[in-house]
Amino acid sequence: MTAEIINGKEIAAKKRLEIAEEVEKLKSKGVTPGLAVILVGNNDASRTYVKNKQKACEELGMNSLLIKMSEDVSEEELLSKIEELNGDPSIHGILVQLPIPKHIDEKRVIESISPLKDVDGFHPINIGRMMTGQNAFLPCTPYGILVLLEESGISIEGKHVVVVGRSNIVGKPVGQLLLNKNATVTYCHSKTKDLTKHTTQADILIAAVGIANFIKAEQVKEGAVVIDVGMNRNEEGKLCGDVAFNEVSEKAGYITPVPKGVGPMTITMLMYNTLKSASESISD
Ligand code: NDP
């Protein structure tokens with residue numbers, strides 16, 4: 001079998017058009033969605049991510065505000081900036097680009113963002129609401145994966161989903177979102193014994209490990225849906241996923257490539273969450 005490619009770039013472009021239309025409608029009611037991004041320090045990757053988020057805001061007609069803080073900013077100063085943004089009615093989404101310097105308590109920072117403006121979906125209140133199936137900001141990468149599956153016409157109910165990776169931002173929440181959609185979910189991680197025994201059971205296999213070409217064809221069931229979250233650099237410095245794409249695509253039914261798979265969906269769902277926050281700010 002040769003897998004059908006799930007084109008994340010195309011699906012993201014379609015979603016972005018829908019978001020842009022909704023932004024226009026909201027603007028006609030006098031509200032322009034606004035996203036504030038706080039960047040602490042000079043991490044190159046973070047700077048690129050932040051730039052891409054600002055560009056997406058511009059393209060979709062949203063306002064973006066970039067707040068740059070120096071590497072040695074105090075925790076109090078950062079918290080006080082977040083407090084100010086929590087109270088600013090022109091800002092509907094607040095995001096602190098991670099990682100932040102070690103001297104600042106990441107948990108405290110995340111918890112200081114108003115859950116009503118937590119468009120990353122990292123606040124414990126949003127995580128709890130997601131767990132219990134209530135209205136919440138869903139974390140962007142897991143949400144993007146859900147949309148990729150739905151837009152590709154892949155049914156989730158009753159499917160066995162195996163997630164390799166259990167981080168708070170990808171692995172855990174993606175399993176939870178698919179459980180909410182009636183999948184049967186297995187989580188694997190670095191302490192899992194006989195990983196292949198589990199991955200070969202997957203109707204939908206999600207790789208969120210952070211190791212280049214980690215999942216091989218022998219670990220995948222014939223015809224499975226394979227979602228590759230990984231963003232790694234190989235020996236030549238080329239962007240590659242957690243899945244050995246060439247061999248796995250010969251066996252899988254569907255597969256996401258890297259790049260142009262999950263990646264473009266993450267920022268798209270961030271834009272969606274900012275729009276949602278702005279819409280809810282006038283419907284309350
Ligand atoms: P983390 O490093 O936080 O988590 C990696 C997970 O993989 C951990 O749960 C770890 O297990 C597990 N793991 C590590 N080694 C093994 C192994 N040998 N066997 C089984 N499981 C293993 O990574 P993230 O979740 O943040 O990111 C995962 C990947 O996704 C990265 O490549 C990252 O760059 C990418 N990413 C892509 C995004 C996108 O927009 N496309 C967004 C976010 C991330 P344990 O918990 O036991 O340590």
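For ligands, and for the atoms within them, numbers begin at 1 and follow the listed sequence. Every value quoted in this text rests on a predicted model; they were computed, and no experiment measured them.
Within 4.0 Å of ligand 1, the residues that place a heavy atom are Thr141, Val164, Gly165, Arg166, Ser167, Ile169, Val170, His189, Ser190, Ala208, Val209, Gly210, Ile211, Phe214, Val229, Gly230, Met231, Asn232, Val262, Gly263, Thr266, listed by chain and number.
No side-chain heavy atom of Tyr272 sits under 4.5 Å from any side-chain heavy atom of Val147. Counting only heavy atoms from C-beta outward, the side chains of Leu239 and Asn232 never approach each other to under 4.5 Å.
The list of salt bridge (Lys or Arg N to Asp or Glu O under 4.0 Å) pairs with a residue in residues 147-164, not counting sequence neighbours, reads Lys14-Glu151, Lys15-Glu151, Glu150-Lys181.
The existence of a salt bridge linking Arg108 and Glu76 is confirmed by a sub-4.0 Å separation between a basic side-chain nitrogen and an acidic carboxylate oxygen.
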* Hey, mind stepping through Ile38 and Ile100 against side-chain contact (heavy atoms from CB on, under 4.5 Å) and telling me if it holds? -> CA-CA 10 Å; Ile38 303 178; Ile100 49 178; over 6 Å; no
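For the side-chain contact (heavy atoms from CB on, under 4.5 Å) test with Met62, the passing option among Ile19, Leu26, Leu35 is Ile19; the others fail.
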